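Small disclaimer: the values here were computed from a predicted structure and weren't measured. Residue numbers start from 1 in every chain, and the chains themselves are labelled A, B, ... in the order their sequence lines are given, proteins ahead of strands.
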Amino acid sequence: MNHSEQHVQGLSRGSYLFSMIRLSLLFILLCGIVYPLVCTGIAQLLMSDQANGSLIKSSSGEIIGSELIGQNFTDPKYFQGRVSSIEYKAEASGSNNYGPSNPDLLKRTEESVEAWKANNPDVPVSQLPIALITNSGSGLDPHITPESANVQIPRISKLTGLSSSELEKLVQEHTEGRDLGIFGDPRVNVLKLNIALRELMK
Amino acid sequence: MAILQLVAVIVILVFLVKPLGAYIFHVFSNEPNRTDKIFGPIERLIYGLTGLKNRAEMSWKRYTLSLILTNVILVAVSYLILRIQKWLPINPNGIDNMESTLSFNTVISFMTNTNLQHYSGETGLSYFSQMAVIMMMMFTSAASGIVVAIAFIRGLTSKGKTLGNFFTDFVKAHTRLLIPMAIIVTLALVALKVPQTLSPTVQATTLEGGTQQIAIGPVASLESIKHLGTNGGGFMGVNSSHPFENPNPLTNVIEMLSMWCIPAALTYTFGRFARNQKQGWVIFSAMLILFVSFLSIVYTSELRGNPALNALGIDASQGNMEGKEVRFGIAQSALFTAVTTAATTGSVNNMHDTLTPLGGLVPLAQMMLNCVFGGDGVGLVNMLMYAILGVFLCGLMVGRTPEFMGRKIEAREMKLVAIAILAHPLIILAPTAIAFLTDLGKGAISNPGFHGISQVLYEYTSSAANNGSGFEGLADNTTFWNVSTGLVMLFGRYVSIVALLGVAGSLAAKQWVPETIGTFRTDTKLFTGILVGIVLIIGALTFLPALVLGPIAEHLTLLK
């Protein structure tokens, strides 16, 4: 750059660079420290429940989980969530990322179908919803579709002695519709549903 | 119902374009206006603290140099922070220092607005690094993109010979646009249950009596700027499919509109600068036409599902739910995929690796075109580059010197445009070929068959388009992948920025040509059609062979 242009800018090369360094550090402070801390402060002050992860606590104050994070249910008396390759371990997140043509995907799904047949002899496979035997993106999906809950009712009814109509009512109460009536899909929160189921079993 | 929610989101976007575009125009027109009262004092403080009180107009070279030097300094400081994060404050989970090639990849990735992540957020970064490096770069890289667009627009439309002052633009992009919008979106997200805390991982005793560790953190403040800045790097490993990052369909809509609104609104800003609103809408319509076409492919393909699973005799009417979340279903997942790769954000609310072959072709194709809305700023610049190419080709056909925005397009501009257009396929296809020639590259593939080709192709396309999403099965945290994608991201970002600011500088210096009856008008429906056609033809000519080897071959295999 020629001398006259430097003069116009009103800056020598050294102070130009120095200004840029100061500007960069200032933005690290502003965007990287001040902004998130201010947001954290406001959020904690005004909306502490949401800001701390929408935790569900037992009557004794113990943390059972978060209403947003799915849990692993192995006891067939409970409603089962979706397949999770990480078994709902929420310190991390992820899935196997099986491509549609991956033979392992087909193998895993066939195994799920066999397991379904063994545990739910009363419900034909043709009624088994695909959402229940596919891996969610996060491995932490807290929801199942209402259909996925309903097909589990015969099994749970047999194991717990609760009537089908009671369980149907329970599922219906826990079915959330689309947001604002149009966005997303209807869904059932498995953890909340199972907490209510446990109350019924008592 | 499903189609209705797709339409609803697009309609909201269209209504946002005018007010936001006009606001951005007022921010950068540098005329006095009402908002000076609020933001003026803060900006004066920043200029005072940094010794930038005199901010003269800059030539395109000086503007570009200032942009690049500022980015270099930010990269250097951030690299240092990642390498020593273990010893820095706000690290309640005791995260270790980051390895050198991964740190290199990470800082390049965030500075170039790519946000390719070869680390996993929960285990690889301290809260301090998440804030001081990741969130900071999400602002500064987006601001860098926006000022490039503004400088480019000034070059095309103003009668002065300069492109403005980089520092003024850069500061204002933060103070008047990104920071206020980010705070609003953050608080909206927290209200809808996205966490925002500095407490460490939560420990829960599950209903069945086991223990569950739940990673948490200042998620909302990252989530907002991640989308507004078309960045896309998630707080958690699985990005916006994680229920903490994106807990419900409403947050999903907010996140989509956040990443979509600035690239879309900039077309209106362009119209305002050009004093020809129709010109802005022509660009917007071309983008929207391309977008809707791609969206319908990914939506119908996912709804139809995976033939291999459908054949198992289960109730597969919902579609391909592998890698998707129940709360989003097919519609909100397909829309998110289309938006995030159009706006080259790269956040994902479903796993792109698990998309059906034709569904997965859509994100790939949009990143290859790189101008269907595109990232903050750079998307508009890329589309205007195609517009210049369009008038050039039309000019050749009728034998007239092509003109765009009242300026003659000549050899120098066309050479620079050609560099920008050719660089993109070169840095995608050459590294993809190299990766297949070596075991270092091939060894990372996790899905056998043609899908493996798509995995590698996707990784480099995403890097070159500065998108950052991935076919995440790829085991990409190795020296080979960290370094090669790092370089692709660098070239993908800066080659076209320098070339196109060069075009702007060159056009700004030219005489205006008065419009006559023989002038080829660029603010008509005909030109919208030409623009869409040119983008598709150039894209198809360069990328179709690669697409045939990957997703199209896989599709045909599955049908068999």
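Residue contact with chain A, scored on non-hydrogen atoms closer than 4.5 Å, is absent for B/V348. If you measure heavy-atom distances from A/I33 to chain B, the contacts under 4.5 Å come from the side chain alone. Contact of B/L4 with chain A is made through the side chain alone, with heavy-atom distances under 4.5 Å. In this structure, the portions of B/I46 lying under 4.5 Å from any heavy atom of chain A include both its backbone and its side chain. In this structure, chain A has no heavy atom under 4.5 Å from any part of B/F471. Interface remark: B/N350 contributes no atoms to any contact with chain A (heavy atom separation under 4.5 Å). With a 4.5 Å cut-off on non-hydrogen atoms, B/L474 does not touch chain A at all. For A/L26, the part sitting under 4.5 Å from any heavy atom of chain B is the side chain, from C-beta outward, and nothing else. Proximity to chain B is absent for every atom of A/L29, based on heavy atoms less than 4.5 angstrom apart. With a 4.5 Å cut-off on non-hydrogen atoms, A/S148 does not touch chain B at all. For B/Q203, the part lying under 4.5 angstrom from a heavy atom of chain A is the backbone only. Contacts of A/V113 with chain B are made by side-chain atoms alone, with heavy-atom separations under 4.5 Å and no backbone atom involved. Contact annotation for B/T186: only side-chain heavy atoms (C-beta onward) come within less than 4.5 Å of a heavy atom of chain A. Interface residue B/L207: backbone and side-chain heavy atoms are both found under 4.5 Å from chain A. Using a 4.5 Å cut-off between heavy atoms, B/A143 makes no contact with chain A at all. Using a 4.5 Å cut-off between heavy atoms, B/I216 touches chain A through its side chain atoms alone. When heavy atoms are compared at a cutoff of 4.5 Å, B/A331 does not approach chain A at all.
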If you apply the rule side chain to side chain donor-acceptor pair (under 3.5 Å), what do you find for B/S66 with A/Y16, and how did you get there? CA-CA 9 Å; B/S66 307; A/Y16 173 65; 2.4 Å; yes
Using the rule given for side chain to side chain donor-acceptor pair (under 3.5 Å), can you reason through A/S19 versus B/Y47, listing the C-alpha separation, both sets of side-chain angles and the distance that settles it, and then say yes or no? CA-CA 9 Å; A/S19 282; B/Y47 298 137; over 6 Å; no
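A/R22 places a side-chain N or O within 3.5 Å of a backbone atom of B/L49 that can act as its donor or acceptor partner. Using a distance-only test at 3.5 Å, with no hydrogens or angles considered, no donor-acceptor pair links the side chain of A/D185 to the main chain of B/R327. Side chain of A/Q44 to backbone of B/Q196: a donor-acceptor contact under 3.5 angstrom is found. Without hydrogens or angle criteria, B/E322 side chain to A/N135 main chain gives a donor-acceptor distance under 3.5 Å. Side chain of B/Q332 to main chain of A/F183: no donor-acceptor pair is present (N/O by atom type, distance under 3.5 Å, no hydrogens or angles). B/E208 places a side-chain N or O within donor-acceptor distance of the main-chain N or O of A/D75, the cut-off being under 3.5 Å. Here the side chain of B/Q212 pairs a donor or acceptor atom with the backbone of A/Y88 at under 3.5 angstrom.
Checked for salt-bridge contact, A/R82 and B/E325 miss the test: no charged N lies under 4.0 Å from a carboxylate O.
For the residue pair A/Y35 and B/S221, the shortest heavy atom distance occurs at OH-O, 2.6 Å. The two residues A/Q50 and B/V190 have their closest heavy-atom pair at CB-O, 3.1 Å. Minimum interatomic distance between B/M135 and A/P36 (heavy atoms only, all atoms of both residues): SD-CB, 3.8 Å.
For residues 122-131 of chain A, the side chain to side chain donor-acceptor pair (under 3.5 Å) pairs, not counting sequence neighbours, are A/D122-A/K158.
Along residues 95-110 of chain A, the residues that come nearer than 4.5 angstrom to chain B, judged on non-hydrogen atoms, are A/S95, A/N97, A/Y98, A/G99, A/P100, A/S101, A/N102, A/P103, A/L105, A/L106, A/R108, A/T109, A/E110 in order of number.
Counting heavy-atom pairs under 4.5 Å between each of B/V253, B/T123, B/L192 and chain A puts B/V253 at the top.
Put simply, the side chain of A/T134 does not reach to within 4.5 Å of the side chain of B/T354, judged on heavy atoms. Inter-residue side-chain proximity for A/I130 and B/D315 is flagged as unmet; no heavy-atom pair is nearer than 4.5 Å. Side-chain contact between A/I63 and B/T205 is absent, with no heavy atoms from C-beta onward closer than 4.5 Å. Counting only heavy atoms from C-beta outward, the side chains of A/E67 and B/K193 approach each other to under 4.5 Å. Residues A/S54 and B/F244 form no side-chain contact, since every pair of their non-hydrogen atoms from C-beta on lies 4.5 Å or further apart.
To the nearest 0.5 angstrom, A/C31 atom SG is 4.0 Å from B/H174 atom NE2. Atoms OG1 and CG, on B/T140 and A/L30 in that order, are 11.0 Å from each other to the nearest 0.5 Å.
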